[in-house]
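First comes the structure, then the notes that go with it.
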Amino acid sequence: MTLHQLRCFLAAVEHGSFTAAATALGYAQPSVSEQVRLLEQHVDAQLFRRVGRGLVPTEAARALVPHAAAALAAVEEAGRAVADVRQVLTGTVRFGIFKTSRFYLGADLVGDVLRRHPGVRLELVGQNSAELRDLLRKGALEAGLIALPVEEEGLAVNPVMRDELVYLSAHPDRLVRPVTPAALAAAPLVLPDVSWRDEDSTRRALVHSVQSAGRTLRPRVEVEDVETALEVAATGLADTVIWRGVLHRLADRLPPGLGWTPLRPRLYETFAIVHRPDAQLSAASRVVIELASARMRALAAAL
């Protein structure tokens, strides 16, 4: 059974004769009748009865019609799917990620996208969730991964992962029990995101936790990136806090000698893929969103 046979068969059913079906399809009449004859051989049943110059479908033909139509519809859908892929292959995507999220996505997301759609141009943009929210509001990004909450109205929010903030130190005696807000306030800390400390959601959570104990958060050292904070902590001169997801992703690349313990009360942050709901997302952007969401959910499951 071939698609060509099914196409000729459905045309004969619709037009009531081989001649009319051939005209509709742009084929010669003998070609259409031959295709129907071959189809009858395949299904081992008569599909039409001749009545005058026309054709009347048999019970077998009426039973075959919905399946033939479904087969041809599936082929058309396959063609549309391929067309969508061709569109993705020519797309350019500006996807927002905050600086630390490169540990969650970064090269892995780039690999996922380019292996599946090697023609896509991908730009990973941003330093902090506050900056990304501003870029999304201005329309400079189609979508991005940010830390919640989102104060701005009008953004579509799809949470993909919750992560826990933990305490890191090179001194084992500081890790024997969970670290309280009062202990956090008294600790010598090195914290990242110095340029964004007033807007950074992690810094805000730490400040709120320490203030709940009537204390003030005063880090000894402030740096821009997580890697530098970890290197300083590894010297033993200061401790730091970090997300468990980052620890998991760094694995054996973590500076030696560092251990961790949870905070008490535990501090969590939720990450979400956001975009402007009124924006028409490109096919390429939808692919990147799907792949980024899958990566984040897989990491959440691993934790």
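All heavy atoms count here, side chains included; hydrogens, waters and symmetry mates do not. Only a predicted model underlies this, so the values are computations on that prediction, with no experimental measurement involved. Each residue takes its place number in the sequence, starting with 1.
- Side-chain atoms of L39 and M1, non-hydrogen and from C-beta on, do get closer than 4.5 Å to each other.
- A cation-pi geometry, defined here as NZ or CZ lying under 6.0 Å from the six-membered ring centre and within 45° of its normal, holds between R162 and Y268.
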Worked check of side chain to side chain contact (heavy atoms under 4.5 Å, CB included) between L165 and E269: CA-CA 8 Å; L165 194 65; E269 194 152 27; over 6 Å; no
Side chain to side chain contact (heavy atoms under 4.5 Å, CB included) evaluation trace for T2 with L38: CA-CA 9 Å; T2 68; L38 292 172; over 6 Å; no
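- More than 12 heavy atoms of other residues, nucleotides or ligands shown are found within 6.0 angstrom of CZ on R297.
- Residue pairs meeting the salt bridge (charged side-chain N to carboxylate O under 4.0 Å, His left out) criterion with at least one member in residues 166-182, sequence neighbours excluded, are R174-D239.
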CA sep, side-chain torsions, deciding dist, call: L124, L109, side chain to side chain contact (heavy atoms under 4.5 Å, CB included): CA-CA 10 Å; L124 299 180; L109 177 61; 4.2 Å; yes
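- Distance check, rounded to the nearest 0.5 Å: CG of L281 to NE2 of H275 gives 5.0 Å.
- A salt bridge links R137 to D134: one of the charged nitrogens lies within less than 4.0 Å of a carboxylate oxygen.
- Hydrophobic clustering, with ILVMFWY side chains joined whenever heavy atoms are under 4.5 angstrom apart, groups V75 together with L64.
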Working for side-chain hydrogen bond (donor to acceptor under 3.5 Å, both in side chains), residues S195 and E224: CA-CA 7 Å; S195 294; E224 288 290 0; 2.3 Å; yes
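- The backbone N or O of L105 lies less than 3.5 Å from no partner atom in the side chain of R295, so there is not a single donor-acceptor pair.
- With hydrophobic clusters built from ILVMFWY side chains whose heavy atoms lie under 4.5 angstrom apart, V232 does not share a cluster with V226.
- Between V120 and V287, the closest side-chain pair of non-hydrogen atoms is not below 4.5 Å.
- Contact check for D112 versus R115: side-chain heavy atoms found under the 4.5 Å cut-off.
- For S293 against I273, the heavy-atom pair with the smallest separation is OG-CG1, 3.6 Å.
- Considering all non-hydrogen atoms of both residues, L258 and A170 come closest at CD2-N, 3.8 Å.
- Ring-plane geometry between F271 and W243 is classed as perpendicular, the angle between the planes exceeding 60 degrees on a 0 to 90 degree scale with a lower cut at 30.
- When every heavy atom of V65 is checked against every heavy atom of L10, the shortest pair comes out as O-CD2, 4.0 Å.
- For the pair R203 and E222, the salt-bridge criterion is met [side-chain N within less than 4.0 Å of a carboxylate O].
- E59 CD to Q46 CD: the interatomic distance, rounded to the nearest 0.5 Å, is 12.0 Å.
- Between L189 and L184, the closest heavy-atom pair is CD1-O, 3.7 Å.
- Grouping the Ile, Leu, Val, Met, Phe, Trp and Tyr side chains by contacts below 4.5 angstrom, directly or via other members, places V223 apart from L168.
- In terms of modelled atom types and a separation under 3.5 Å, the side chain of R215 and the main chain of P181 share no donor-acceptor contact.
- Here the CD-CG distance, from Q127 to D225, works out to 9.5 Å after rounding to the nearest 0.5 Å.
- Between the S129 side chain and the A147 main chain, a donor and an acceptor come within less than 3.5 Å of each other.
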Side chain to side chain contact (heavy atoms under 4.5 Å, CB included) between L237 and V221, worked out: CA-CA 10 Å; L237 296 174; V221 182; over 6 Å; no
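- Residues Y27 and V13 fall within the same hydrophobic cluster, defined by Ile, Leu, Val, Met, Phe, Trp and Tyr side chains chained together at heavy-atom separations under 4.5 Å.
- Interatomic distance, E40 CD to F48 CZ, rounded to the nearest 0.5 Å: 7.5 Å.
- No continuous path of ILVMFWY side-chain contacts below 4.5 Å connects W196 to I242, so the two sit in separate hydrophobic clusters.
- Listed here is the closest heavy atom pair of S169 and H171: OG-N, 3.0 Å.
- In this structure, CZ on R197 lies 10.5 Å from CG on L217, to the nearest 0.5 angstrom.
- Side-chain atoms of L55 and R50, non-hydrogen and from C-beta on, do get closer than 4.5 Å to each other.
- Shown here are the ring-ring contact (aromatic ring centres under 6.0 Å, His included) partners of H208, two or more places apart in sequence or in another chain: there are none.
- Considering all non-hydrogen atoms of both residues, S209 and L267 come closest at CB-CD1, 4.3 Å.
- Judged by distance alone, the side chain of T23 and the main-chain N or O of T19 form a donor-acceptor pair under 3.5 Å.
- A donor-acceptor pair under 3.5 Å is absent between the side-chain atoms of T261 and the main chain of Y167, judged by distance alone.
- With R249 contributing its side chain and G245 its backbone, the two residues share no donor-acceptor pair below 3.5 Å.
- When side chains are defined from C-beta on, M161 counts as touching L303, because their heavy atoms get closer than 4.5 Å.
- Not counting sequence neighbours, F95 has no partner by the ring-ring contact (aromatic ring centres under 6.0 Å, His included) test.
- Side-chain N or O atoms of R62 include one that pairs as donor or acceptor with a backbone N or O of P57 at under 3.5 Å.
- Using a 4.0 Å cut-off between a side-chain N of Lys or Arg and a carboxylate O of Asp or Glu, E34 and R37 qualify as a salt bridge.
- Here the CZ atom belonging to F98 is positioned 9.0 Å from the CD1 atom belonging to I146, to the nearest 0.5 angstrom.
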